[in-house]
Amino acid sequence: MELWFTEKQTPGLGITCKVLQTLHREVTPYQEIAVLDTEQFGRMLVLDGMVQLTISDEFVYHEMLAQVPLHIHPHPRHVLIIGGGDGGTAREVLRHPQVEKVTLVEIDRRVVEVSRHFIPEVASSFDDARMNVEFVDGVAYVLNKCGEYDVILIDAPEPIGQAERLFSMQFYKGIASALREDGIFAAQTESPFVNQELIKRVHSDISGIFPITRLYLAPVPTYPSGTWSFTIGSKQYDPLLSLRNGGLDGVLRYYNADVHRAAFQLPNFVRELLSKEVLL
Ligand code: SAM
């Protein structure tokens, strides 16, 4: 008998994968966690029925969320990650020797524990001496911080339930306060094909707080529509003008300086989602 998993990504769209084995399933106080071994994409982390990562394409998402801002900030020493309990974003941040401390704020301890057990190549960063993990709500954590971080990365799941506030104006204001005076942040901001209203609202909110706001794109085959957006808010450094050599040539699988520049070149339908003054 064949077993297939379907994530219903929208009321009319889904992704279906043949499952070789269900490696893990549990319900925590926060969500249902599952790890599946799929024929097409290998191991897959699923939260509340939604694909968070697969072993085959996670490198695109994690490199693009972390490497883009870390190559813009000239001296990223203290980095905060909100969400990201699978460890993939932290793995990318810790590739930079300049980074002295990474604080990862994840609401659900079990995501970290399950990831360490079933997807260790993604969760490879948790034993690094520079890592500090806090199991609390990311919004509450950020609202108590002032001028501490060079870079903040929002590795949030879909804006549903406890993650909804990770896409709110109040949260973005908190991030601006938590960053140093030349700080920069990047957030995953969903699909430009199926989350247009969210992208518009988030871009408008962030550009009301940060002097520089830029959206960039990358392909992530297992996310809805396969095209993913990320949004940067920066106090000082322009993503297209401030690009340093991170010394990671030959290490990364997706990111390089050409990809960095290309990712900010937006097709017309995405430009139209963003307000004119932001694009000038
Ligand atoms: N790459 C993923 C995606 O876009 O599908 C996100 C991955 S990561 C697993 C998201 C994590 O955010 C989850 O482990 C979840 O528990 C955590 N999370 C959700 N809401 C949170 C909150 N309010 N504070 C901190 N972490 C939160």
Side-chain angles (χ1 to χ4, degrees), residues 7 9 15 24 26-36 41 43-66 80-93 103-119 122-123 125-126 132-145 152-168 170-172 174-175 178 186-192 194-195 198-199 202 217-231 254:
E7 173 190 339
Q9 298 172 327
I15 183 172
H24 184 75
E26 73 176 86
V27 178
T28 75
Y30 301 100
Q31 56 211 338
E32 179 194 60
I33 304 177
V35 183
L36 309 175
F41 295 111
R43 274 160 293 146
M44 173 185 273
L45 175 67
V46 182
L47 296 181
D48 284 338
M50 291 173 279
V51 178
Q52 302 296 301
L53 66 83
T54 79
I55 289 298
S56 299
D57 64 358
E58 60 84 14
F59 68 99
V60 182
Y61 173 85
H62 290 128
E63 287 186 20
M64 289 303 278
L65 177 59
L80 174 67
I81 300 170
I82 302 292
D86 51 71
T89 299
R91 176 195 67 200
E92 294 305 319
V93 171
T103 300
L104 183 141
V105 179
E106 162 63 59
I107 204 164
D108 190 346
R109 176 186 292 273
R110 287 298 294 155
V111 175
V112 173
E113 291 167 353
V114 168
S115 300
R116 291 187 77 159
H117 188 79
F118 290 102
I119 42 172
V122 178
S125 48
F126 289 105
N132 164 44
V133 184
E134 306 273 350
F135 293 110
V136 292
D137 172 51
V139 179
Y141 187 89
V142 160
L143 295 180
N144 280 321
K145 299 289 168 187
I152 298 181
L153 304 174
I154 316 303
D155 192 0
E158 292 71 5
I160 297 169
Q162 78 246 355
E164 207 173 336
R165 287 169 308 123
L166 298 176
F167 294 82
S168 68
Q170 182 205 26
F171 182 56
Y172 298 136
I175 286 173
Q188 77 85 358
T189 46
E190 307 283 308
S191 160
V194 297
N195 306 101
L198 177 100
I199 288 177
V202 163
L217 299 172
V220 184
T222 55
Y223 286 174
S225 85
T227 300
W228 215 241
S229 80
F230 304 83
T231 303
Y254 190 81

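None of these values were measured; they are calculated from a predicted model. Counting starts at 1 for both ligands and their atoms, following the listed order.
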M64 CE to T89 OG1 distance, which is reported to the nearest 0.5 Å: 12.5 Å
Does V51 reach ligand 1, in the sense of a heavy atom lying below 4.0 Å from it? yes
Residues two or more places apart in sequence or in another chain: which of them pass side chain to side chain contact (heavy atoms under 4.5 Å, CB included) with Y223? Y61, V220, W228
Considering only non-hydrogen protein atoms, determine which one is nearest to atom 26 (N) of ligand 1 and report residue, atom name and distance to 0.1 Å. I107 N, 3.2 Å
Counting non-hydrogen protein atoms only, what is the nearest one to atom 5 (O) of ligand 1? Give residue, atom name and distance. Q52 OE1, 3.2 Å
Using a 4.5 Å cut-off on heavy atoms from C-beta on, say whether the side chain of E190 contacts that of P159. yes
Hey, does W228 come in under 3.5 Å of ligand 1, counting only N/O atoms on both sides? no
For Q188 and I154, indicate whether the former's side chain and the latter's backbone hold a donor-acceptor pair under 3.5 Å. no
Ligand 1 atoms nearer than 4.0 angstrom to some heavy atom of D155 are 1 (N), 2 (C), 6 (C), 7 (C), 8 (S), 10 (C), 11 (C), 12 (O)
So, Q31 and D108: side-chain donor and acceptor under 3.5 Å apart, yes or no? yes
What do the steps show when you test I33 against L47 for side-chain contact (heavy atoms from CB on, under 4.5 Å), and what is the final call? CA-CA 5 Å; I33 304 177; L47 296 181; 3.7 Å; yes
Taking only heavy atoms of Q188, which atoms of ligand 1 are found under 4.0 Å from at least one of them? 4 (O)
Decide yes or no for E58 and M44: does some side-chain heavy atom of the first lie under 4.5 Å from some side-chain heavy atom of the second? no
So which protein heavy atom does atom 4 (O) of ligand 1 come closest to, and at what separation? A156 O, 3.4 Å
Per-atom contacts, ligand 1 versus A163 - under 4.0 Å to a heavy atom: 20 (N)
Proximity flag V139 to ligand 1, non-hydrogen atoms under 4.0 Å: no
Hey, are R116 and E113 close enough for a salt bridge, meaning a charged N less than 4.0 Å from a carboxylate O? no
Is there a side-chain contact between V122 and R43 (heavy atoms, below 4.5 Å)? no
Give the atom numbers and elements of ligand 1 that come within less than 4.0 Å of a heavy atom of L166. 20 (N), 21 (C), 22 (C)
Taking the side chain as everything from C-beta on, heavy atoms only, tell me whether T103 gets closer than 4.5 Å to E134. yes
Ligand 1 and Y223, any nitrogen or oxygen pair closer than 3.5 angstrom? yes
Heavy-atom gap Y61 to ligand 1 smaller than 4.0 Å: yes
Minimum-distance protein heavy atom relative to atom 11 (C) of ligand 1: E106 OE1, 3.4 Å
of all protein heavy atoms, closest to atom 24 (N) of ligand 1 is G138 N, 2.8 Å
Suppose I only count heavy atoms of V105 and a 4.0 Å limit; which atoms of ligand 1 are within that range? 25 (C), 26 (N)
Considering distance alone, does some N or O of P157 sit under 3.5 Å from an N or O of ligand 1? no
Keeping the roles fixed (side chain from D86, backbone from L45), state whether a donor-acceptor pair exists under 3.5 Å. no
When distances are taken from atom 20 (N) of ligand 1, the protein heavy atom at minimum range is Q162 CG, 3.3 Å
Protein residue, atom and distance nearest to atom 9 (C) of ligand 1, heavy-atom basis: D86 OD2, 3.2 Å
Any heavy atom of Q31 closer to ligand 1 than 4.0 angstrom? yes
Do I82 and F171 pass the side-chain contact (heavy atoms from CB on, under 4.5 Å) test, and can you show the C-alpha distance, the side-chain angles, and the key distance before you say yes or no? CA-CA 11 Å; I82 302 292; F171 182 56; 4.1 Å; yes
How far is atom 23 (N) of ligand 1 from its nearest protein heavy atom, and which residue and atom name does that atom have? D137 OD1, 2.7 Å
